[in-house]
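To keep things clear, I will list the structure first and then write my remarks on it.
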Amino acid sequence: MELWVGLAELRGNPDCQNFRRFGKNKGAFVWVAAWAESQAAFETKVKAMSESLDCILYGLEEIGLLDAKMETDNYPEEFINMRATATRQRQDTVFGGFHTYRRDDNT
């Protein structure tokens, strides 16, 4: 098992009544980390966790091993806390800060 990370785009599930996770915003981008045996297994974990939050996973980008991403000069600072949390709680999917946006590009 290795610690994977990716940037997820989430939107509220329209079937969920009174969804308030993003306030009045349309969706959010968030870094997500989880232990997985492969990239495919990581993607499956992220999708399942987003559904449990009443969200729809619209995209998952910049996927890679967390340690490799932290070898670069410009990794997000939140990776430090995410790695510490994931190391303590190996079964959990760890979310960074939610960065919300108000609308689609098409509206």
Side-chain angles (χ1 to χ4, degrees):
M1 297 267 269
E2 296 181 283
L3 185 55
W4 292 82
V5 67
L7 183 62
E9 179 182 3
L10 303 177
R11 294 190 189 175
N13 185 337
D15 296 333
C16 176
Q17 293 183 351
N18 300 319
F19 181 83
R20 293 190 179 115
R21 186 168 309 280
F22 308 136
K24 293 183 179 185
N25 297 310
K26 181 78 172 179
F29 290 96
V30 60
W31 284 104
V32 183
W35 293 93
E37 295 176 2
S38 66
Q39 180 174 331
F42 169 72
E43 292 174 13
T44 299
K45 276 187 160 185
V46 173
K47 186 171 191 288
M49 182 53 65
S50 58
E51 289 172 355
S52 74
L53 296 174
D54 293 322
C55 292
I56 296 171
L57 178 65
Y58 266 68
L60 189 57
E61 302 175 353
E62 299 187 43
I63 300 169
L65 297 176
L66 182 60
D67 285 340
K69 289 203 174 277
M70 290 182 74
E71 290 176 4
T72 65
D73 291 334
N74 58 350
Y75 67 87
E77 212 171 295
E78 65 187 322
F79 281 7
I80 296 167
N81 288 336
M82 291 174 71
R83 180 172 57 181
T85 300
T87 300
R88 285 190 313 271
Q89 299 165 225
R90 295 180 67 91
Q91 299 302 316
D92 292 344
T93 302
V94 179
F95 288 81
F98 284 77
H99 305 279
T100 59
Y101 57 89
R102 290 202 176 275
R103 61 186 184 95
D104 291 328
D105 290 337
N106 300 327
T107 58

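- Residues passing the ring pair (Phe, Tyr, Trp, His ring centres under 6.0 Å) test with Trp35: none are found, sequence neighbours excluded.
- Heavy-atom minimum distance, Ala33 versus Leu3: CB-CD1, 4.2 Å.
- Tyr58 and Leu53 fall into different hydrophobic clusters, where Ile, Leu, Val, Met, Phe, Trp and Tyr residues are linked whenever their side-chain heavy atoms come under 4.5 Å apart, directly or through other members.
- Of the listed residues (Lys47, Gln39, Lys45), just one forms a side-chain hydrogen bond (donor to acceptor under 3.5 Å, both in side chains) with Glu43, and that residue is Gln39.
- Neither Ile56 nor Met49 shares a network with the other; the hydrophobic side chains, linked directly or stepwise wherever heavy atoms of I, L, V, M, F, W or Y lie under 4.5 Å apart, form separate groups for each.
- Under the 4.5 Å side-chain criterion, counting only non-hydrogen atoms from C-beta, Trp4 is not in contact with Leu66.
- Taking CD1 of Ile63 as the start and CD of Glu61 as the end, the distance is 8.5 Å to the nearest 0.5 Å.
- For the pair Tyr101/Glu9, a side-chain contact is recorded, criterion being any heavy-atom separation below 4.5 Å from C-beta on.
- Of all the heavy atoms in Gly6 and Leu60, the pair that sits closest is C-CD1, 4.0 Å.
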When the side chains of residues 69-82 are checked against the rest of the protein, which donor-acceptor pairs come out under 3.5 Å, sequence neighbours left out?
residue, atom, partner, partner atom, Å
Lys69, NZ, Glu62, O, 3.0
Thr72, OG1, Lys69, O, 2.7
Glu78, OE1, Gly97, N, 2.7

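- Under the 4.5 Å side-chain criterion, counting only non-hydrogen atoms from C-beta, Leu10 is in contact with Val30.
- What you find for Phe42 and Ala36 is that their closest heavy atoms are N-CB, 3.5 Å.
- Rounding to the nearest 0.5 Å gives a distance of 10.0 Å between CD of Glu2 and OG of Ser38.
- Every salt bridge (charged side-chain N to carboxylate O under 4.0 Å, His left out) that Asp67 has, sequence neighbours left out, goes to Arg83.
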